[in-house]
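A note on names: the letters A, B, ... follow the listed sequences, proteins ahead of strands, and every chain is numbered from 1. Worth knowing before you read on, the calculation uses all heavy atoms, side chains too, and leaves out hydrogens, waters and symmetry mates.
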Amino acid sequence: MPTIAWESFTPWSALAGGLVIGLAAALFVLLNGRIAGISGILGGLLAPEKGHIAWRVAFLAGMVLAPLGWMALAALPDIRVEASYPVVIVAGLLVGIGTSYGSGCTSGHGVCGLSRFSLRSLVATLSFMLTGFVTVYLVRHAFGA
Amino acid sequence: MKYTLSSFVAGLVFGLGLLLSGMANPEKVLGFLDLAGNWDPSLALVMAGAIIVGVIAFAIARQRHVSFLGFDMRLPSGDQISRRLVIGSVMFGVGWGLAGFCPGPGLVALGAGEPKAVTFVAAMVAGMALFQLIERRRQSA
């Protein structure tokens with residue numbers, strides 16, 4: 001069994017944040033009839049189709065502007081990136097290629113797919129979770145100091 | 001116009017949810033993925049919260065042909081487990097584990113002005129563009 005880091009575990013804000021994320025996915029499917037899959041929304045802008053540019057830009061703009069909205073009410077939470085720039089670049093390339101190839105990420109497959117009971121999304125989610133666990137193990141414990 | 005506005009609202013609410021959940025912080029995501037270290041289970045509760053609301057929303061969506069704003073429902077229909085799906089998701093998982101960023105938190109952290117998030121998003125967009133270039137080549141060959 002893993003040792004739980006009680007000092008960094010934030011159950012209430014995690015659950016509340018999750019409910020808000022679920023609300024965003026709910027709004028998007030119930031108002032616009034679409035899956036809130038962030039990699040797909042972003043990727044679709046690279047080969048733009050007529051009539052499908054504005055809503056994609058609007059969704060992404062909402063996400064990027066969220067910290068600004070947050071700051072109107074409270075101080076921004078910490079954002080700490082341990083990885084070095086070269087690692088961040090490799091990570092970005094892998095996330096970009098991988099989510100395109102696998103048609104989705106944590107939002108599209110993880111949140112929306114699992115909420116739809118999609119077997120395909122379950123397989124995708126288990127695949128990226130498992131390799132996420134393995135990668136962090138290798139970086140932090142097998143190769144890392 | 002309505003469609004664009006509701007997209008903006010959904011994106012904004014999504015981003016606020018990521019900030020509230022702590023998942024815009026890669027350190028927190030890696031704390032979940034690090035089972036062998038001091039494990040932070042928060043991400044599991046984020047997923048649980050999101051899925052509780054999602055299950056209800058998609059159950060309602062499935063009953064409808066048009067959305068509440070009158071737009072076509074565009075829910076994925078296929079349920080095929082393909083090699084592409086697994087290979088792509090495995091690649092994504094490696095990238096996710098390396099830096100602790102997935103696409104949504106990357107965009108939110110970019111908006112917060114984190115320089116490494118700007119780099120991450122640029123590399124991610126380059127990766128997506130590379131994929132589309134290869135796909136187009138393959139289709140025309």
Q: Could you have a look at A:D78, A:L65, A:L27 and say which one has the most heavy-atom pairs with chain B under 4.5 angstrom?
A: A:D78
Q: Can you tell which of A:S118, A:A25, A:S121, A:G113 has the highest number of heavy-atom pairs within less than 4.5 Å of chain B?
A: A:S118
Q: Count the heavy-atom pairs under 4.5 Å between each of A:L15, A:N32, A:T3 and chain B, then report the option with the highest count.
A: A:N32
Q: Kindly check if the number of other-residue, nucleotide or ligand heavy atoms within 6.0 Å of CD (A:E7) is above 12?
A: yes
Q: Examine whether an atom of A:F9 lies under 4.5 Å from a heavy atom of chain B, and if so say whether it belongs to the side chain, the backbone or both; otherwise answer neither.
A: both
Q: Considering only heavy atoms and a distance below 4.5 Å, find which of B:I87, B:L19, B:V108, B:I81 pairs most often with chain A.
A: B:L19
Q: Roughly how far, to the nearest 0.5 Å, is the CZ atom of B:F131 from the CG atom of A:L93?
A: 14.5 Å
Q: Need one label for A:S103: side chain, backbone, both or neither, based on atoms under 4.5 Å from any heavy atom in chain B.
A: neither
Q: Are the side chains of B:W96 and A:T131 in touch, meaning some heavy atoms are under 4.5 Å apart?
A: no
Q: Let me confirm one number: the OG-CZ distance from B:S7 to A:F28, rounded to the nearest 0.5 Å.
A: 4.0 Å
Q: Starting at OH of A:Y101, measure out to CG of B:L85 and round the result to the nearest 0.5 Å.
A: 11.0 Å
Q: Measure distances from B:L130 to the heavy atoms of chain A and classify the residue's part below 4.5 Å as side chain, backbone, both or neither.
A: side chain
Q: Sort out for me which of A:L23, A:L126, A:L45, A:L30 touches chain B most, counting heavy-atom pairs under 4.5 Å.
A: A:L30
Q: Quick check: are there more than 12 heavy atoms from other residues, nucleotides or ligands sitting under 6.0 Å from CZ of A:R80?
A: no
Q: How about A:I21 and B:S21: do any of their side-chain heavy atoms sit closer than 4.5 Å?
A: yes
Q: Roughly how far apart are B:L133 CG and A:L46 CG, rounded to 0.5 Å?
A: 11.0 Å
Q: Go through the atoms of A:L60 and report whether side chain, backbone, both or neither lie under 4.5 Å from a heavy atom of chain B.
A: side chain
Q: Checking heavy atoms, do the side chain of B:D34, its backbone, both or neither come under 4.5 Å from chain A?
A: both
Q: Does the side chain of A:S107 come within less than 4.5 Å of B:F14's, by heavy atoms?
A: yes
Q: So do A:V111 and B:M47 actually touch side chain to side chain, heavy atoms under 4.5 Å?
A: yes
Q: Please list, chain by chain and in numerical order, all residues satisfying ring-ring contact (aromatic ring centres under 6.0 Å, His included) with B:F32, sequence neighbours excluded.
A: A:F133, B:W39
Q: Nearest 0.5 Å, please: how far is CG in B:L110 from CD1 in A:I79?
A: 10.0 Å
Q: Please classify the contact of B:L43 with chain A as side chain, backbone, both or neither, using a heavy-atom distance under 4.5 Å.
A: side chain
Q: Is any side-chain heavy atom of A:P77 less than 4.5 Å from a side-chain heavy atom of B:N25?
A: no
Q: Indicate yes or no: at least one non-hydrogen side-chain atom of B:S82 is less than 4.5 angstrom from one of A:R120.
A: yes
Q: Side chains of B:F101 and A:V95: does their closest heavy-atom pair fall under 4.5 Å?
A: no
Q: Are the side chains of B:V55 and A:F117 in contact, using a 4.5 Å heavy-atom criterion?
A: yes
Q: Taking side chain as everything from C-beta outward and backbone as N, CA, C, O, which of these in A:M129 sits under 4.5 Å from a heavy atom of chain B? Side chain, backbone, both or neither.
A: both
Q: Given the options A:L76, A:L119, A:L114, which has more heavy-atom pairs under 4.5 Å with chain B than any of the others?
A: A:L119
Q: For the atom pair CE (A:M63) and CG (B:L16), what is the distance rounded to the nearest 0.5 Å?
A: 9.5 Å
